[in-house]
Amino acid sequence: MSFKGQHILSVKQFDRDSITRVFDIARQMAPYAGRKKRTRVLDGAILGNLFFEPSTRTRVSFGCAFNLLGGEVRETTGMESSALSKGESLFDTARVISSYSDVIAMRHPQAGSVAEFAEGSRVPVLNGGDGANEHPTQALLDLFTIERELAASGLQIDGMHIAMVGDLKFGRTVHSLSKLLCLYRNIKLTLVSPAELAMPDDIVSSLTNAGHQLVISDKLEGHLNADIVYQTRIQEERFPSKADADQYRGKFRLNQEIYTRYCKSNTVIMHPLPRDSRMEANELDNDLNLNPNLAIFRQADNGVLVRMALFALTLGVENIVKDYECAVPWYSNK
Ligand code: NCD
């Protein structure tokens, strides 16, 4: 796959070679993200960062990734502060913003909206989440994290055991991650959710067709001895009402006591974040914060590296990042 000038809308665009390429570039970004060095390779370039749904990590890490490559960020957040709320079409917004920008990152509550927007765009569009459909950059950073975390125990993605827990129906991160896992071999997947929030059938079929071993359950007990436990939040915003979401909150909690009792000593805990820390939910308890296998913040940090790599590749500068290096004059203890 050649990335230059391409939209990144779905994980279905990737094969194993292109994933390896993204991860190689992402690793090369570490000194810049760690403020050891600067690069101005994207000096003069503008990212249009359009977030029509709540976001902290994805929005800010797209912006930071672009800034760390030397580019500028212009941002709009929230539907109500955009002309979409005046009835403007995605096509028209895309036509205009793509003339102001060199690349666009976009999140929108409707499935398929980012692809529709991309049709009107003259610059590459990166999907930052379209409804319950896909979240390709998150899936790549999740996979990057899984590879890194497993390597510490001498394990690989091929042959691993991952348990995905929570809202597997509306969780776009588990949808995109599962589709990426179809490119790997001999994975054991345990899918734990309330029956009503089960992984969509088409994704289950793809995983089975990829030759993976699936266990589907509506109980957490007995399913935590995996290499990776990927916990998720009940996606309240996709339910008809808060009360509808409330009935599923707090069903599958993981805390240190449960971890000690049921997980392996090296089970890696992941979560795309935000974790819902309200008492009635609390799917990942704060008492895990000092557990060295809690990878959630390393996972979020990896988001910057992977998004830097995707910007470098789509704008065709991945091989010249070093040529634009300069010093970091400020104090940094990163
Ligand atoms: C996820 C999302 O928005 O899909 N968050 C993220 O991008 N890191 C998951 C969530 O909101 O629960």
Side-chain angles (χ1 to χ4, degrees), residues 8-11 26 49-65 75 77-79 105-115 125-146 162 164-180 191-194 197 199-200 203 228-239 242 244-246 248-254 269-278 280-285 294-308 310:
I8 295 181
L9 301 173
S10 165
V11 289
N49 211 20
L50 311 184
F51 275 71
F52 301 115
E53 233 191 8
S55 174
T56 301
R57 265 150 295 274
T58 308
R59 179 171 56 85
V60 178
S61 71
F62 266 123
C64 285
E75 196 155 88
T77 54
M79 203 69 90
M106 177 174 167
R107 169 174 287 188
H108 191 283
Q110 238 172 295
S113 54
V114 183
V125 176
L126 276 58
N127 181 0
D130 62 322
N133 183 37
E134 278 231 30
H135 196 345
T137 64
Q138 177 75 39
L140 289 165
L141 78 88
D142 286 344
L143 199 66
F144 183 79
T145 305
I146 291 171
I162 180 168
M164 296 185 185
V165 182
D167 184 350
L168 307 184
K169 178 180 180 187
F170 294 120
R172 55 192 170 199
T173 72
V174 283
H175 297 169
S176 289
L177 179 58
S178 298
K179 290 177 198 169
L180 273 189
L191 304 178
V192 179
S193 71
L197 301 183
M199 184 70 86
I203 299 179
I228 305 280
V229 172
Y230 190 106
Q231 180 64 284
T232 64
R233 175 182 69 88
I234 299 297
Q235 306 282 293
E236 179 182 327
E237 61 276 37
R238 317 249 177 261
F239 286 77
K242 182 176 176 297
D244 287 293
D246 280 344
Y248 301 111
R249 261 192 262 270
K251 280 219 183 312
F252 305 119
R253 288 187 173 148
L254 185 54
I269 309 165
M270 294 177 60
H271 191 306
L273 301 179
R275 52 179 157 168
D276 186 344
S277 293
R278 289 171 290 193
E280 62 275 22
N282 206 24
E283 67 261 7
L284 216 50
D285 199 281
L294 184 77
I296 57 175
F297 299 119
R298 295 192 286 277
Q299 187 181 354
D301 289 351
N302 289 337
V304 172
L305 302 182
V306 169
R307 291 185 173 115
M308 286 177 81
L310 292 171

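Residues take their numbers from the sequence shown, with the count starting at 1. Just so you know, ligand 1 is whichever comes first in the structure, and atom 1 is the first atom listed for that ligand.
In this structure, Tyr248 and Phe239 have tilted ring planes: the angle between them lies in the 30° to 60° band.
Residues satisfying the salt bridge (Lys or Arg N to Asp or Glu O under 4.0 Å) test with Glu283, not counting sequence neighbours, are none. Under the salt bridge (Lys or Arg N to Asp or Glu O under 4.0 Å) criterion, Asp246 pairs with Lys242, Arg249, not counting sequence neighbours. Applying the salt bridge (Lys or Arg N to Asp or Glu O under 4.0 Å) criterion to Lys179, with sequence neighbours excluded, gives Glu134.
For the pair Arg107 and Phe51, the NZ or CZ position fails the cation-pi test of under 6.0 Å to the six-membered ring centre and within 45 degrees of the ring normal.
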After noting the C-alpha distance and the side-chain angles of Glu53 and Arg59, does the key distance pass the salt bridge (charged side-chain N to carboxylate O under 4.0 Å, His left out) rule? CA-CA 10 Å; Glu53 233 191 8; Arg59 179 171 56 85; over 6 Å; no

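Annotation: ligand 1 has protein neighbours Thr58, Arg107, His135, Gln138, Arg172, Thr173, Arg233, Gln235, Pro272, Leu273, Pro274, each with a heavy atom less than 4.0 angstrom from the ligand.
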